[in-house]
K.L.:
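I'd like to ask you about the structure that follows.
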Protein chains: 2
Amino acid sequence: MPKIVDHEERRLRLAEAVWTLTLRDGLEGVTLRKVAVEAGVSMGQVQHYYATREDLVRDAIDRAVRALNARIEASIKAADPASAETMLRECLRAVLARDPESLRLLQLSVAVLGRAIADPAMADVLAPGSGELLDFTAGLIAAARQERGTPARGNGLIDADICWNLATSLGVDAALGQRSPEDALKVLDYHLDNLLG
Amino acid sequence: MPKIVDHEERRLRLAEAVWTLTLRDGLEGVTLRKVAVEAGVSMGQVQHYYATREDLVRDAIDRAVRALNARIEASIKAADPASAETMLRECLRAVLARDPESLRLLQLSVAVLGRAIADPAMADVLAPGSGELLDFTAGLIAAARQERGTPARGNGLIDADICWNLATSLGVDAALGQRSPEDALKVLDYHLDNLLG
DNA sequence: CCTCATGGTCAACGATCTTCGGCATGCGTC
DNA sequence: GACGCATGCCGAAGATCGTTGACCATGAGG
């Protein structure tokens, strides 16, 4: 068998280059030649790993969204499992772009939103409001109220839905630089105080 | 003076063509040639009214966002001024894409979000959270509570902030087809019931 | 030594955006 | 009425981009 290279490592490096260029020049500004320069490889090599520019961009986007989801899940697992309220707050804070890497991934996700309009497949990639997440969040809300001694009320699933919508909206604002992460956090905490109090 | 044509009418027609193509092929799929065909003019004419492709797309986006804002303001003015609560609900419902034209404009606005990451000027075009709007909304919330006999509580500005973030987030979901306008309306009304009750 | 699959490169092609020079039209002026 | 010229519009050349296909290098197996 001939030379064996780590495809995953190559593709990751190219995806990183696409990320950098996307944040600097926008998705439309991502060209094969610029990606090659940014990644320090020949343009031919870029074409070797991705059949078309569309494949390249799509894979880079996919990796960004998955990396962001992985970070969110990691912060969920890292949260204190003893307190439902801290866990709830930590989960929602994870999409607020409070560290540079999260900000970068969040900005990339926002950059994809535009494509999702004309490309239904992209819309599926995003879609954070999966059923299980809402169930899980609704459970956290109920448990957090119990901790506080607050009586249950309203519809837990809709409450959870609202929480995630608010958090992601605040995250988008932060990604666009229209709102500081601190301000976003303040608004989110305010909402949770009302929800649980 | 030589022949005089209505520049505004020409540009509007070209912008309409850009809108149609954007919703069908995405922003990257908008080419001068396709715009010319869609608008029924020559490519030279497109170039005559816009120096670069960038100018064309930028102006079309700008018009879409302004048209959406105009519709929102119109629905605010059309709301019953006698009841603060109906007015509040009507204002927020205006961004939920409940009619085809609003859906189209909202989808276009979402398509712009991606550009806003690498193009700060675009971010300014969006920015719905202007100070006056929040003040106005906070006033509506307070008045609606008074109508209901609900005592004032919390921070009106943050409440207004949350309302708009929730509404726009639900609108984006609707624009992406991830949520039906009816469901979005249900969630928004649920939040307002909690807020005012 | 030969085979050939894998990794990688390069040049040419069509499509695209941009630039620039040119043509037509019709109001203002003499 | 004729000329001037700014406006509206067109089309071809130049530059850049994505795509295609042929090509070369390497190294494990027969």
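We use all heavy atoms of the structure for the numbers below, so side chains are in, but hydrogens, waters and symmetry mates are not. Residue numbering restarts at 1 for every chain, and letters A, B, ... go by the order of the sequence lines.
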K.L.:
Using the test salt bridge (Lys or Arg N to Asp or Glu O under 4.0 Å), find all partners of A:E132 that sit at least two apart in sequence or belong to another chain.
P.N.:
none
K.L.:
Heavy atom of residues 16-31 of chain B under 4.0 Å from DNA chain C: which residues?
P.N.:
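Within residues 16-31 of chain B, the residues near DNA chain C are B:V30, B:T31.
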K.L.:
side-chain contact (heavy atoms from CB on, under 4.5 Å) with B:A184: which residues, sequence neighbours excluded?
P.N.:
B:L96, B:L170, B:R179
K.L.:
Do any pairs count as a salt bridge (Lys or Arg N to Asp or Glu O under 4.0 Å) and have a residue in residues 188-197 of chain A, sequence neighbours left out, and if so which ones?
P.N.:
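As it turns out, the salt bridge (Lys or Arg N to Asp or Glu O under 4.0 Å) pairs with a partner in residues 188-197 of chain A, which skip direct neighbours, are A:R89-A:D189, A:R89-A:D193, A:R93-A:D189, A:R148-A:D193.
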K.L.:
Please list each protein N or O that sits under 3.5 Å from an N or O in nucleotides 19-22 of chain D, with the distance.
P.N.:
from, atom 1, to, atom 2, distance (Å)
D:dT19, OP2, A:R53, N, 2.6

K.L.:
Please list all pairs meeting side-chain hydrogen bond (donor to acceptor under 3.5 Å, both in side chains) that have one or both residues in residues 70-79 of chain A, counting only residues at least two apart or in different chains.
P.N.:
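Qualifying pairs: A:R71-A:D99, A:R71-A:S102.
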K.L.:
Without decimals, in angstroms, what is the distance between A:Y50 OH and C:dG7 C1'?
P.N.:
16 Å
K.L.:
Residues in side-chain contact (heavy atoms from CB on, under 4.5 Å) with B:A84, at least two apart?
P.N.:
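Counting only residues at least two positions away or on another chain, B:A84 forms a side-chain contact (heavy atoms from CB on, under 4.5 Å) with B:L140, B:A143, B:A144, B:E147.
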K.L.:
Any side-chain N or O of B:R10 under 4.0 Å from OP1/OP2 of D:dG8?
P.N.:
no
K.L.:
Could you check how far CG of A:D55 sits from P of D:dG18, rounded to whole Å?
P.N.:
13 Å
K.L.:
Partners of B:R66 by salt bridge (Lys or Arg N to Asp or Glu O under 4.0 Å), sequence neighbours excluded?
P.N.:
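Expected list: B:D62.
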K.L.:
For a quick test of reading the model: is some side-chain N or O of A:Y49 closer than 4.0 Å to OP1 or OP2 of C:dG8?
P.N.:
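Affirmative; the distance criterion is met.
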K.L.:
List the residues meeting salt bridge (Lys or Arg N to Asp or Glu O under 4.0 Å) with B:E101, not counting sequence neighbours, and say none if there are none.
P.N.:
B:R104
K.L.:
Please give, in whole Å, the distance from C:dG22 P to B:H48 NE2?
P.N.:
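So the two atoms are 18 Å apart, to the nearest Å.
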K.L.:
Ion pair present between B:E38 and B:R33, side-chain N to carboxylate O less than 4.0 angstrom?
P.N.:
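Result for this pair is no, no salt bridge flagged.
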